[in-house]
Amino acid sequence: MKHMIYTLLVALFLMGLLTGCTEEEPQPDDRFAAYVKSWNDKNFGKMYDLLSNESKGEISKEEFVERYQNIYEGIEANNVNIQFTPPEEDVVPNKSGQVFFPYDVSMDTIAGKITYTHTGILIKEGKEDENWYLSWDPSMIFPKMRDGDLVRVKTTLPRRGELLDRDGKGLAINGEAISIGIEPRRLGENKEEAKGKIATVMEVEKAFIDKQLEQSWVGEETFVPLKTYSKNSEMIEKLMPLDGIVQRKVPAREYPLNIAAAHLTGYIKNITAEQLEELKGKGYTASSQIGQRGLEQVFENELKGEPGAIVFIKHKDKEENTVLASKEPRAGKDIRLTIDASVQKSLYEQLKDDAGTGVAINPQTGEVLGMVSTPGFDPNDFVLGISTSKYEELQNNPNKPMVTRFKQTYAPGSTFKPITAAIGLKNGTLDPNEKMALKGETWKEEGWGNYSVRRVTDPGKPVDLKDALVYSDNIYFAKEALKIGGDTFLKEAKQFGIGEKIPFSYPLNPSQLSNDQVAPEGVLLADTGYGQGEVLMNPVHLAVSYTPFITNGNLLKPVLKMEDSGENVWKKGIISSETASIINKDLIQVVEDPNGTANDARVEGMQLAGKTGTAELKQKNTEDGKENGLAVAYDAQQKDFLVLLLVENANKGSHDVLPKVKTIFENRGKE
């Protein structure tokens with residue numbers, strides 16, 4: 001009996017050993033599943049570790065990893081997904097000891113989706129650590145790949161969308177430029193001297209020209225391009241008389257209004273390596289151009305379109321390529337702006353000799369008709385590669401031509417007074433007919449020490465609201481601000497959008513009532529009433545702040561795209577129609593009354609309304625500071641055109657601006 005029990009135990013032990021050996025036997029499907037997992041994880045090093053000895057003899061681990069990485073990065077492979085379904089039954093190797101597993105691959109690439117089905121081949125290798133290994137060759141990357149084949153990508157740049165004015169005139173278009181180059185046979189007898197002259201004028205090293213001419217494809221009658229210039233560049237006139245120089249027309253982004261719309265349109269430039277890395281997967285290539293400033297940058301996503309691409313296998317032993325995926329380019333969107341090219345040019349002409357900014361809007365719709373910042377630059381120069389000397393000239397210009405002034409904020413000065421009046425009328429602290437008895441040119445409250453509010457002139461009589469606007473009386477509005485009170489002023493200023501983000505396509509710095517958006521008090525509140533203190537207004541915002549006086553109380557938001565035209569109310573009914581009417585009538589008198597501060601802008605046959613402002617930039621009340629001159633004026637009859645001009649460091653304050661405003665309206669009347 002004991003012998004039988006012993007025999008049974010031995011048998012069970014041996015069966016356990018046999019069972020254990022069977023469970024530990026490596027299975028090819030498990031091995032291939034491990035390979036597929038590493039592939040899905042893009043762990044190419046682990047994939048290599050699972051290759052057969054013969055496969056490893058054909059390619060090193062470093063080469064294997066780099067090949068997968070370079071191909072996947074080059075074709076911008078994303079969402080790589082390898083599917084393998086293990087067989088339900090045991091796999092029987094063929095006579096050569098091989099097993100075969102089908103698998104499916106899909107991936108998104110720069111040219112679209114690539115999908116294919118292929119077969120993995122495994123063989124058993126090793127003695128003590130026998131296991132299954134993959135018999136790999138390049139067809140595992142793509143089925144039709146063989147040794148020596150390469151995967152290549154060819155991209156086609158899309159047509160960039162154009163920026164057009166409201167009438168379809170081009171502001172940023174796909175136009176032409178002039179490529180300047182050398183035709184060697186035209187250099188004459190003294191070639192070295194000729195090349196030296198070209199290098200000097202072009203501001204390049206002579207060695208650069210030599211390098212271009214020494215390329216293997218260059219012949220005596222070959223056009224060798226050196227540099228591209230805008231059609232109107234003065235460099236073309238300087239270079240064309242030189243020996244050897246030839247010109248060719250080439251496609252290029254073009255800005256027909258040049259400096260007049262530079263800050264509005266901005267420009268495009270070749271994408272930088274940093275931008276390419278940052279925007280990886282967004283459809284850019286090393287040869288892409290991208291918006292760098294202005295609307296070219298703001299509307300980049302709409303303008304750029306999508307490049308076309310072909311991913312293909314370039315075979316080593318045959319001319320015909322195998323296309324893996326292809327995608328046609330998608331053109332960028334043309335954007336029609338509310339800008340009127342003639343208004344844009346008119347604003348620029350009036351400000352081109354100044355450091356300043358100008359904005360024109362339709363005050364019934366909020367449509368922006370023009371936005372100018374001066375001085376400016378020629379955007380065409382930047383597209384094609386601005387010279388070092390010209391760029392340094394722009395950078396060193398004390399008037400800062402690279403600063404976009406209509407994005408900034410400025411003290412509005414007396415152009416802010418209608419807003420103070422509107423707040424006072426709305427809250428019942430201001431009676432438009434009440435005469436305020438004020439004598440002298442200065443006034444202050446007890447406890448203000450040496451500080452006092454100064455008026456430009458003493459009218460010599462008590463003043464009501466109309467008089468205060470006509471004479472631009474600082475004291476009147478300082479006292480009214482104190483009546484309103486800081487908390488109410490701050491609350492009502494927000495109704496005019498002050499302190500809020502301005503809802504506009506072009507990003508603008510927000511306006512403010514005080515530095516910390518805290519209710520002003522005392523002297524600061526008094527100064528706030530006439531647009532000084534800590535009040536800062538963006539020029540576009542200040543222009544639309546006058547729309548409630550024209551729309552019977554609605555504050556409109558500024559609009560830049562024609563597709564957004566229509567109902568453009570930013571804040572509805574911020575003042576009553578009665579308040580709007582009172583201020584509108586008084587602003588007409590600011591221009592019409594012979595004593596009005598804007599009377600110099602009066603145009604025969606037109607009824608204008610408006611307000612001037614001289615913003616003093618100084619640290620102390622007792623010192624003289626620089627002044628910015630401002631003027632806001634609108635057509636009080638047609639009510640379809642409002643212009644704001646600001647000139648920095650104006651010698652005569654707003655009086656430097658009024659003749660410019662008058663000329664703009666006179667020219668508009670002749671259209």
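Residue numbers count from 1 along this sequence.
A distance of 9.5 Å separates CG of L555 from CZ of F549, quoted to the nearest 0.5 Å. To the nearest 0.5 Å, atom CG of residue D165 and atom CG of residue L171 are 5.5 Å apart. From L163, atom CG reaches atom CZ of R336 across 13.5 Å, with rounding to the nearest 0.5 Å. Rounding to the nearest 0.5 Å gives a distance of 10.0 Å between CG of L608 and CZ of F641. Atom CD1 of I664 and atom CZ of R668 lie 10.5 Å apart (nearest 0.5 Å). To the nearest 0.5 Å, atom OG of residue S577 and atom CD1 of residue I582 are 10.0 Å apart.
Without hydrogens or angle criteria, T547 side chain to L556 main chain gives a donor-acceptor distance under 3.5 Å. Side-chain atoms of D167 do not come within 3.5 Å of backbone N or O of K169 as any donor-acceptor pair. Under the 3.5 Å distance criterion, the side-chain polar atoms of D516 are left unmatched by any main-chain donor or acceptor of V518. With D458 contributing its side chain and G460 its backbone, the two residues share a donor-acceptor pair below 3.5 Å. A donor-acceptor pair under 3.5 Å is absent between the side-chain atoms of S233 and the main chain of Y229, judged by distance alone. No donor-acceptor distance shorter than 3.5 angstrom exists from the side chain of K407 to the backbone of N509, with no hydrogens or angles considered. In this structure, the side chain of Q275 engages the main chain of T272 through a donor-acceptor pair within 3.5 Å. Here the side chain of D593 pairs no donor or acceptor atom with the backbone of Q589 at under 3.5 angstrom. At distances below 3.5 Å, at least one donor-acceptor pair connects side-chain atoms of N474 with backbone N or O atoms of R454. In terms of modelled atom types and a separation under 3.5 Å, the side chain of Q408 and the main chain of T404 share a donor-acceptor contact.
The closest side-chain donor-acceptor pair between D527 and Y451 falls under 3.5 angstrom. For the residue pair Q512/N515, the side-chain donor-acceptor check at 3.5 Å is satisfied. Counted by atom type alone, D340 and S342 present one or more donor-acceptor pairs between their side chains at under 3.5 Å. Of the N and O atoms on the side chains of T579 and S576, at least one donor lies less than 3.5 Å from an acceptor on the other residue. Counted by atom type alone, T265 and E296 present zero donor-acceptor pairs between their side chains at under 3.5 Å. Using modelled atom types and a 3.5 Å distance limit, the side chains of S565 and E367 yield a donor-acceptor pair. Inspection of the K417 and S414 side chains reveals an N or O donor paired with an N or O acceptor under 3.5 Å. For the residue pair Y634/N362, the side-chain donor-acceptor check at 3.5 Å is not satisfied. With no hydrogens or angles considered, a side-chain donor-acceptor pair links T597 and T612 at under 3.5 Å.
F504 and P558 get closest at one heavy-atom pair: CD1-O, 3.3 Å. In terms of heavy-atom proximity, V632 sits nearest to L642 at CG1-CD2, 4.0 Å. Closest approach of N599 and E592 over heavy atoms only: ND2-O, 3.5 Å. Closest approach of P256 to I173, counting heavy atoms only: CG-CD1, 3.9 Å. Between P401 and G376, the closest heavy-atom pair is CB-O, 3.4 Å. Residues L658 and A601 share a closest heavy-atom pair of CD2-CB, 3.9 Å.
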Show your reasoning for whether side-chain hydrogen bond (donor to acceptor under 3.5 Å, both in side chains) applies to E534 and T528.
CA-CA 7 Å; E534 295 176 351; T528 299; over 6 Å; no

Kindly determine whether R160 and E302 satisfy salt bridge (Lys or Arg N to Asp or Glu O under 4.0 Å), including the steps that lead there.
CA-CA 9 Å; R160 188 174 179 85; E302 295 174 74; over 6 Å; no

Set out, in order, the CA-CA distance, both residues' side-chain angles and the distance that settles ring pair (Phe, Tyr, Trp, His ring centres under 6.0 Å) for F382 and F377, then state yes or no.
CA-CA 9 Å; F382 283 85; F377 53 88; 5.4 Å; yes

For D600 and H655, run side-chain contact (heavy atoms from CB on, under 4.5 Å): C-alpha distance rounded to whole Å, both residues' side-chain angles, the deciding distance at 0.1 Å, then the answer.
CA-CA 8 Å; D600 287 347; H655 294 289; 4.0 Å; yes

Evaluate side-chain contact (heavy atoms from CB on, under 4.5 Å) for L394 paired with E392, printing each intermediate quantity in order.
CA-CA 5 Å; L394 290 171; E392 287 178 351; over 6 Å; no

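Within 6.0 Å of NZ on K571 lie more than 12 heavy atoms contributed by other residues, nucleotides or ligands. Atom CG of N595 is surrounded by more than 12 heavy atoms from other residues, nucleotides or ligands within 6.0 Å. A 6.0 Å sphere centred on CD of E578 holds no more than 12 heavy atoms belonging to other residues, nucleotides or ligands. The environment of E237 atom CD is sparse: at most 12 non-hydrogen atoms of other residues, nucleotides or ligands sit within 6.0 angstrom.
No option in W570, F496, Y506 other than W570 meets the ring pair (Phe, Tyr, Trp, His ring centres under 6.0 Å) test with H541.
Residue pairs satisfying the side chain to side chain donor-acceptor pair (under 3.5 Å) criterion with at least one member in residues 638-651, sequence neighbours excluded, are listed as follows: R405-E648, Y410-E648. The side chain to side chain donor-acceptor pair (under 3.5 Å) contacts involving residues 369-386 comprise N258-N380, D378-N380, D381-K390, where partners must be two or more places apart or lie in separate chains.
With contacts defined as side-chain heavy-atom distances shorter than 4.5 Å, the pair I484/T420 qualifies. Side-chain contact between L542 and L630: present, with at least one pair of heavy atoms (C-beta onward) separated by less than 4.5 Å. With a 4.5 Å cut-off on side-chain heavy atoms, L164 and L337 do not count as touching. Contact annotation: the side chain of E254 approaches that of K231 to within less than 4.5 Å [non-hydrogen atoms, C-beta and beyond]. Contact of the V453 side chain with the T442 side chain is not registered, since no non-hydrogen atoms from C-beta on lie closer than 4.5 Å. A heavy-atom distance below 4.5 Å is found between the side chains of Y546 and L587. A 4.5 Å side-chain heavy-atom check between I575 and L425 finds every atom pair outside the cut-off. In this structure, the side chains of T388 and Y391 stay at 4.5 Å or more apart for every pair of heavy atoms.
Using a 4.0 Å cut-off between a side-chain N of Lys or Arg and a carboxylate O of Asp or Glu, E604 and K662 do not qualify as a salt bridge. Ionic pairing of D467 and K435 is present here: one or more N-O contacts between side-chain nitrogen and carboxylate oxygen are shorter than 4.0 angstrom. Between K333 and E563, at least one side-chain nitrogen of the basic residue sits less than 4.0 Å from a carboxylate oxygen of the acidic one, meeting the salt-bridge criterion. The pair K466-D586 does not meet the salt-bridge criterion, since no charged nitrogen lies less than 4.0 angstrom from a carboxylate oxygen. Using a 4.0 Å cut-off between charged nitrogen and carboxylate oxygen, E500 and K494 do not count as a salt-bridge pair.
Geometric assessment of K561 against the ring of F299 yields a positive cation-pi assignment under the 6.0 Å and 45° thresholds. No cation-pi contact links R455 to Y471, judged by a cut-off of 6.0 Å to the six-membered ring centre and 45° from its axis.
Taking the six-membered ring where the residue is Trp, the centroids of Y530 and F477 are separated by 6.0 Å or more.
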